[in-house]
Amino acid sequence: ASSGSLTAPARAGMVSKEGFNSIVRALVPGDELSPDTKRFLSRTFGALFLAYARNDTPGDEGEAEELALVEELAVGLSMFVGGSKSEKLLFGFSAFDEGGVGGLPRLGLWRFMRALLIGFSVATAGSDSISSAERTRLNKTAAVEITESVFRFLGYEGGASSESDSQVVSYDAFGEWYNSGGYSLAAWLELLDTRKWQSGSPTARAGTSASVSAAKGAAVAAATGHAH
């Protein structure tokens, strides 16, 4: 497959930069946006892809391609579209529930929380003086703290290395944790609802033009080769 091909992805479940660009065009049509907003969103979404991207194994032509996992990228994109906090959390739980068991194990919840935090880091880039490396470290640490707090709340034993298949967190259980005090550790989840962002910002305006289901559909289409 050629680099960036949508019809023959380099790896199943992953999205190329070309595929990602088609997602953005589908979610945020540029006809009604000003040139300044277009430039801002181009930089923001470009940074979003790079934040999740990793190099794929070199193909026949010997060149590695940057690809992003579809579930991580879809969760990141969901932050920039319309929808409530509950809708976006439910979508994330579904996206990361690889085995369809109705919940996430420790690693799955950690990956979900980290994916959200990466998205927030991109959305708030430039608002502080924290370096990229330090931000990455903080995101990983915060995701671990949230994950362990949730599992302790549910009474599960074992630490981050526990691999018990029975120890999974459902969307409803996560909600119970959050409403029982978890919000003090993850208050930033309230900002999943873009209506709580500054109403005049370009990202807030873009967030009203698409839905969570649209973000999911476009990302999956790009990853499976059905995007146009």
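Only heavy atoms go into these numbers, but all of them, side chains included; no hydrogens, no water, no symmetry mates. This one's a predicted model, so the numbers in the text were calculated from it and none came from an experiment. Counting from 1, the numbers follow the sequence of the chain as shown.
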- request: For Y178 and L89, run side-chain contact (heavy atoms from CB on, under 4.5 Å): C-alpha distance rounded to whole Å, both residues' side-chain angles, the deciding distance at 0.1 Å, then the answer.
  value: CA-CA 12 Å; Y178 187 81; L89 285 174; over 6 Å; no

query: Roughly how far apart are S16 OG and N21 CG, rounded to 0.5 Å?
result: 8.0 Å

- prompt: Is there a donor-acceptor pair closer than 3.5 Å between any side-chain N or O of S149 and the backbone N or O of E145?
  reply: no

- request: Looking only at non-hydrogen atoms, find the nearest pair between A142 and L117 and report the distance.
  value: CB-CD1, 3.8 Å

- line: Heavy atoms of V75 and G92 approach each other most closely as CG2-CA, 4.0 Å

- request: Please work out which of the three classes, parallel, tilted or perpendicular, describes the rings of W177 and F174, given edges at 30° and 60°.
  value: tilted

query: In Å, rounded to the nearest 0.5 Å, how long is the span from CD1 of I146 to CG of L185?
result: 5.0 Å

Any donor-acceptor pair under 3.5 Å from D97 side chain to G102 backbone: yes

statement: Minimal heavy-atom distance between A51 and V122, with the atoms involved, is CB-CG2, 3.8 Å

field: Y52 (side chain) donor-acceptor with G119 (main chain) under 3.5 angstrom
entry: yes

query: Do the non-hydrogen side-chain atoms of V150 and F153 ever get within less than 4.5 Å of each other?
result: no

- prompt: What class does the angle between the rings of Y156 and F151 fall in, given that below 30° is parallel, 30 to 60° is tilted and above 60° is perpendicular?
  reply: tilted

query: Distance from K85 atom NZ to L191 atom CG, nearest 0.5 Å?
result: 10.5 Å

query: What is the ring orientation for W188 with F120, classed by angle as parallel under 30°, tilted 30 to 60°, or perpendicular over 60°?
result: perpendicular

query: Just by distance, do the side chain of E87 and the backbone of S84 share a donor-acceptor pair under 3.5 Å?
result: yes

message: For K38, is there any backbone N or O sitting under 3.5 Å from a side-chain donor or acceptor partner on S42?
response: no

- prompt: If we only count heavy atoms from C-beta on, is the Y183 to E190 side-chain gap below 4.5 Å?
  reply: no

- prompt: Taking C-beta and beyond as the side chain, do K88 and T194 meet within less than 4.5 Å on heavy atoms?
  reply: yes

V24 and F49, any side-chain heavy atoms less than 4.5 Å apart: no

- request: Check the pair E72, F112 against side-chain contact (heavy atoms from CB on, under 4.5 Å), reporting the backbone distance first and the verdict last.
  value: CA-CA 7 Å; E72 294 182 358; F112 177 26; over 6 Å; no

- request: Rounded to the nearest 0.5 Å, what's the gap from OG on S121 to CZ on R114? Could you check?
  value: 11.5 Å

message: Check whether T147 reaches the backbone of A143 with its side chain - one donor and one acceptor, N or O, closer than 3.5 Å.
response: yes

task: Assess whether side-chain contact (heavy atoms from CB on, under 4.5 Å) is satisfied between L116 and L189, documenting all intermediate values.
output: CA-CA 9 Å; L116 287 174; L189 287 173; 3.9 Å; yes

Nearest heavy-atom neighbours spanning G108 and F96: O-CD2, 4.2 Å

- prompt: How long is the span from the CH2 atom in W110 to the CG atom in L104, to the nearest 0.5 Å?
  reply: 13.5 Å

- request: Run the salt-bridge test on D36 and R39 with the 4.0 Å N-O cut-off and return the result as yes or no.
  value: yes

field: L109 side chain near F93 side chain, heavy-atom distance below 4.5 Å
entry: yes

task: Please step through side-chain contact (heavy atoms from CB on, under 4.5 Å) for the pair M14 and V70, ending with a clear verdict.
output: CA-CA 5 Å; M14 303 195 81; V70 64; over 6 Å; no

task: With the side chain counted from C-beta on, respond yes when L41 and L33 share a heavy-atom pair under 4.5 Å apart, and no when they do not.
output: yes

- request: Answer whether the closest heavy-atom distance between the side chains of L69 and V15 falls below 4.5 Å.
  value: no

- prompt: Got a second to check how far Q167's CD is from R106's CZ, nearest 0.5 Å?
  reply: 5.0 Å

- prompt: Do Y171 and S86 have side-chain heavy atoms sitting under 4.5 Å apart?
  reply: yes

message: Tell me whether E66 is salt-bridged to R54, with the criterion being a basic N under 4.0 Å from an acidic carboxylate O.
response: no

